Amino acid sequence: MAKVKKEKRRKVKYYKYRFSLSENYRNAINYYCEMNDSTPNKVFKEALYEFLKDKMPENRADLMLKNQLDLFHAPEIQIDLFEGIK
């Protein structure tokens, strides 16, 4: 029997962000992590996920900017050779 080749997985991109916190916020996050058996990274990711889930529209087409071209939603133009453009 011939071996079946596994498909290559798509490489996942990760990005790094840096921000500063006061000592009080750091202590609060560490305390929360100890109480909930978690890590600061997991807390940040979960909080960011919940925030974006609430703020982002369900349909990505709703994100069209004001100055974006409206090429694909243009009204249909019918051309009749004998009567001109309608």
Side-chain angles (χ1 to χ4, degrees):
M1 287 178 30
K3 286 187 177 181
V4 178
K5 277 191 172 182
K6 290 184 181 179
E7 290 185 22
K8 262 191 171 180
R9 289 182 63 185
R10 196 176 116 214
K11 207 172 195 182
V12 178
K13 292 183 181 181
Y14 293 100
Y15 300 97
K16 293 184 180 185
Y17 290 98
R18 288 187 60 169
F19 56 93
S20 299
L21 293 176
S22 69
E23 187 174 356
N24 289 337
Y25 279 124
R26 181 179 176 268
N27 292 338
I29 290 170
N30 287 339
Y31 179 75
Y32 178 84
C33 291
E34 286 177 16
M35 292 295 121
N36 293 303
D37 195 31
S38 185
T39 64
N41 274 348
K42 289 179 183 177
V43 171
F44 293 140
K45 286 180 183 180
E46 183 179 337
L48 187 61
Y49 173 77
E50 290 296 324
F51 176 79
L52 292 177
K53 186 174 73 170
D54 291 340
K55 300 294 181 184
M56 295 293 290
E58 298 217 0
N59 188 357
R60 302 275 323 232
D62 295 342
L63 295 176
M64 193 163 79
L65 302 174
K66 292 179 185 176
N67 61 351
Q68 190 171 356
L69 289 176
D70 197 15
L71 294 175
F72 301 107
H73 302 291
E76 294 181 17
I77 299 175
Q78 295 179 353
I79 300 176
D80 189 4
L81 294 176
F82 301 108
E83 295 180 21
I85 297 177
K86 289 186 180 179

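A quick note: this is a predicted structure, and the numbers were derived from the prediction, not measured. Atom set for the values below is all heavy atoms of this structure, side chains included, hydrogens, waters and symmetry mates excluded. The first residue of the sequence shown is numbered 1, and numbering continues consecutively from there.
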Y32: ring pair (Phe, Tyr, Trp, His ring centres under 6.0 Å) partners, not counting sequence neighbours: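 Ring pair (Phe, Tyr, Trp, His ring centres under 6.0 Å) check on Y32 returns nothing, list empty.
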Review item, side-chain donor-acceptor pairs of residues 5-30, under 3.5 Å, at least two apart:
from, atom 1, to, atom 2, distance (Å)
S22, OG, Y25, N, 3.4
N27, ND2, E23, O, 3.3
N30, ND2, R26, O, 3.4

Salt bridge (Lys or Arg N to Asp or Glu O under 4.0 Å): pairs with one or both residues in residues 29-52, sequence neighbours excluded: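 The answer is E50-K53.
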Considering all heavy atoms, the nearest P40-C33 contact: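 Looking at all heavy atoms of both residues, the closest pair is N-SG, 3.4 Å.
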